[in-house]
Amino acid sequence: MGPFEILCGIAAVILATYYYFTKNFDFWKSRGIRGPAPIPGFGNFKDVMFNNISSGDYLTELYNTYKDEPMIGIFTRTTPLLIVKDPDLIKDILIKDFTVFSHRGLPLSKKAEPLSQHLFTLEPKRWRPFRINLSPVFTSGKLKDMFSLISDCADHLVQYMENIASKNEPVECRELTAKYTTDVIGSCAFGIEMNALSDEDSEFRKMGRKVFSPTWTNLLRIRARQMFPWLYEMLAYAHIIPQTEVTKFFTRVIVETMDYRETNKITRNDFIDMLRELKKHPEKLGDIELTDTLLTAQAFVFFLAGFETSSTTISNAMYELALNQKMQDKLREEIDELYAKCGQDLTYDNIKKMDYLDKIFRETLRKYPPVTFLMRQAMSNYTFNGTKVSIPKGQRVWIPIYAIQRDPDFYPKPDIFDPERFNEEAVQSRHPMVYQPFGDGPRNCIGSRFAVHQTKLGLIKMLRNYRIEPCEKTPIPYVNDPRSFLLAPKGGLHLKIVKLNRP
C-alpha cells in the first residue's frame with residue numbers, strides 16, 4: 001500500500017469519526033430549540049467532565065445565558081439533552097404528564113454495581129410496586145414512633161460536640177453531621193448500632209465516605225458507566241471490573257440482619273422488616289424477580305440518601321447561621337421558648353410548629369439543594385403543552401433546580417440568605433414549581449419527612465447547647481466542589497463550635 005492510499009485511509013477514518021461525533025448536532029436546531037454549540041467528542045460537557053466546574057454551576061451558567069428561553073438544547077457527547085426551565089412545563093413533566101416522564105433515565109448495572117437497582121434509579125415497572133410497598137415506612141405515624149430514636153442520636157451528637165468544643169479548633173462540619181445522620185439511619189431504619197459518633201473506626205461511616213468520596217477510582221467508574229455502559233457491564237461479567245467493597249459490605253450486612261431477625265423472631269416494624277415482608281410475599285411486587293440483591297439495593301439507597309443529603313443540609317444551615325449571628329440568636333430564642341414550654345419532652349408535633357426553624361430549613365435547601373437537577377426520560381413521543389416542540393421516546397430531560405432557586409426573578413438577591421422568603425405571603429406569590437429540593441409529583445423524595453425531622457432535631461439540640469461561629473478556615477465565599485455529584489463545598493466546611501454557659 002502506497003503513501004497516498006495510507007493518507008486516504010487516515011482521512012476516511014478521521015471523517016468517519018467526525019461524522020459519528022457530530023451526526024446529531026442539528027437535533028435541537030431542527031426543533032427550534034436554542035443552545036450552545038457542542039464540541040465533537042464532548043458535546044457541551046467538556047468542563048464538567050474534566051472537573052473544571054460543577055454540574056450545578058454549569059447549568060446555572062446555561063440558564064442565565066439563555067434567560068428568556070423556556071428550554072435549552074445541549075448534548076452529552078453525542079446524545080441530545082433537553083434543559084427545561086419554564087415552571088409550567090416543569091409542572092407538566094413532574095405531575096400532569098407524569099406517566100410520560102415516570103423514568104429517570106439513569107443507567108443500571110446489574111453485574112458491576114448490583115446495588116444501583118434501587119428506588120431512585122429503577123425503571124417504572126419495578127419502581128412503582130416498590131414505591132407503593134415501601135411508602136408506609138415514611139408515614140407521619142411511623143415518624144412519631146421513630147422520634148425518640150432520632151432524639152437519642154441528637155443527644156449523642158451534643159455529647160460528642162462537648163469534646164470538640166473543648167479543643168477550640170476548627171471543625172469540619174460535614175463530617176460531624178454525617179456521623180450523626182449515619183447513626184440516625186442505623187437506629188431508625190435498620191435497628192443497627194452504627195456507632196459513627198462513638199467509634200472513629202465505624203465501618204458504616206467508612207463505607208459512607210467511600211461512596212461519596214470524589215476519588216479518581218470513583219470518578220473513573222462513573223465516567224466509564226456514563227460513556228460506555230454496554231462495555232462497562234460486559235467487563236463486569238468478565239470479572240475485569242470487580243464489585244466494590246461497598247457493594248460486598250452492604251449486601252452481607254443487610255442479608256445477615258434479615259436472616260438474624262427471621263431466625264430469632266425479632267420484629268421492629270422498620271425498613272428492614274418491610275423488606276422481610278416483601279421477601280415472604282413477593283407476589284406484592286407482581287411479576288418482578290425478587291432477589292436478595294434487589295432488596296439490599298433498597299436499603300442501600302435509603303442509607304445513602306438518608307445520611308448524606310440531611311448531613312449536607314445541616315452543615316449548610318450551620319454555615320449560614322455562623323455567618324448570620326442575629327439569625328442564629330433568633331432561632332435559639334425560638335428553641336429556648338420551646339424548651340420553656342415542653343421541658344425535655346420534645347415531640348414530633350411541637351417541632352412541626354417551630355416557624356422560624358422551618359424558614360431556616362427551607363431557605364437552606366433553597367440556596368443549597370443537595371441534588372442540583374432533576375432527571376427524567378420520556379416514555380413515549382411527547383409535544384410540550386402550548387409549544388410546537390416535540391421530543392421522541394427516550395429523550396432525556398433535566399430540570400435545573402439549583403439554577404431556578406437562584407433566579408433573581410423568583411428570589412431577589414438570591415445569594416443572600418433570607419429565611420423570610422418563606423413567610424406565607426412570599427410563598428403564595430411564587431410559582432410552586434420554583435422550589436424543588438425534594439422534587440415533586442409521584443416520584444418525589446420518599447424520605448422527605450424523615451429528612452426534615454432528623455435535620456431539624458439535630459439543629460435544635462446543637463444550637464441549644466453551642467454557638468456556631470466562622471473561623472479562619474471557613475470558606476468565604478462558598479465554592480462548589482466540581483468533583484462531587486451532590487452539592488458540596490470545595491475543601492470542606494470548617495466552623496468553630498463554642499459551648500454555651502447554660503444555667
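No more than 12 heavy atoms of other residues, nucleotides or ligands lie within 6.0 Å of CD in Glu289, so this atom counts as exposed by the packing criterion. Within a 6.0 Å sphere centred on NZ of Lys284, other residues, nucleotides and ligands contribute more than 12 heavy atoms. Glu277 CD: more than 12 foreign heavy atoms inside a 6.0 Å radius. Counting heavy-atom neighbours within 6.0 Å of Tyr339 OH, excluding the residue itself, gives a total above 12.
Applying the ring pair (Phe, Tyr, Trp, His ring centres under 6.0 Å) test to residues at least two apart or on different chains, the pairs with a partner in residues 284-307 are Phe138-Phe302, Phe212-Phe307, Phe250-Phe300, Phe250-Phe303, Phe271-Phe302, Phe302-Phe450, Phe303-Phe307.
Each of Arg174, Arg205, Arg209 was compared with Glu308 under the salt bridge (charged side-chain N to carboxylate O under 4.0 Å, His left out) criterion, and only Arg174 meets it. The side chain to side chain contact (heavy atoms under 4.5 Å, CB included) test with Val397 singles out one residue from Leu89, Ile93, Leu374, Ile90, and that residue is Ile93.
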>> Evaluate Tyr435 against Phe410 for ring pair (Phe, Tyr, Trp, His ring centres under 6.0 Å), listing each step before the verdict.
In response: CA-CA 10 Å; Tyr435 183 72; Phe410 303 131; over 10 Å; no
> Can you list the steps and then say if Tyr348 with His453 is a ring pair (Phe, Tyr, Trp, His ring centres under 6.0 Å)?
Replying inline: CA-CA 8 Å; Tyr348 172 88; His453 279 82; 4.3 Å; yes
Got a list of side-chain donor-acceptor pairs under 3.5 Å for residues 489-498, not counting sequence neighbours?
from	atom 1	to	atom 2	distance (Å)
Lys496	NZ	Asn168	OD1	3.4

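Side-chain contact annotation: Tyr356 with Lys330, donor-acceptor N/O pair under 3.5 Å absent.
At least one test fails for Arg268 against the ring of Phe190: distance under 6.0 Å to the centre or angle within 45° of the axis. Relative to the six-membered ring of Phe98, Arg443 misses at least one condition, a distance below 6.0 Å or an angle of at most 45° to the axis. For the pair Lys367 and Phe417, the cation-pi test (distance below 6.0 Å, angle within 45°) is failed.
Checked against salt bridge (Lys or Arg N to Asp or Glu O under 4.0 Å), Arg362 has the following partners two or more places apart in sequence or in another chain: Asp358.
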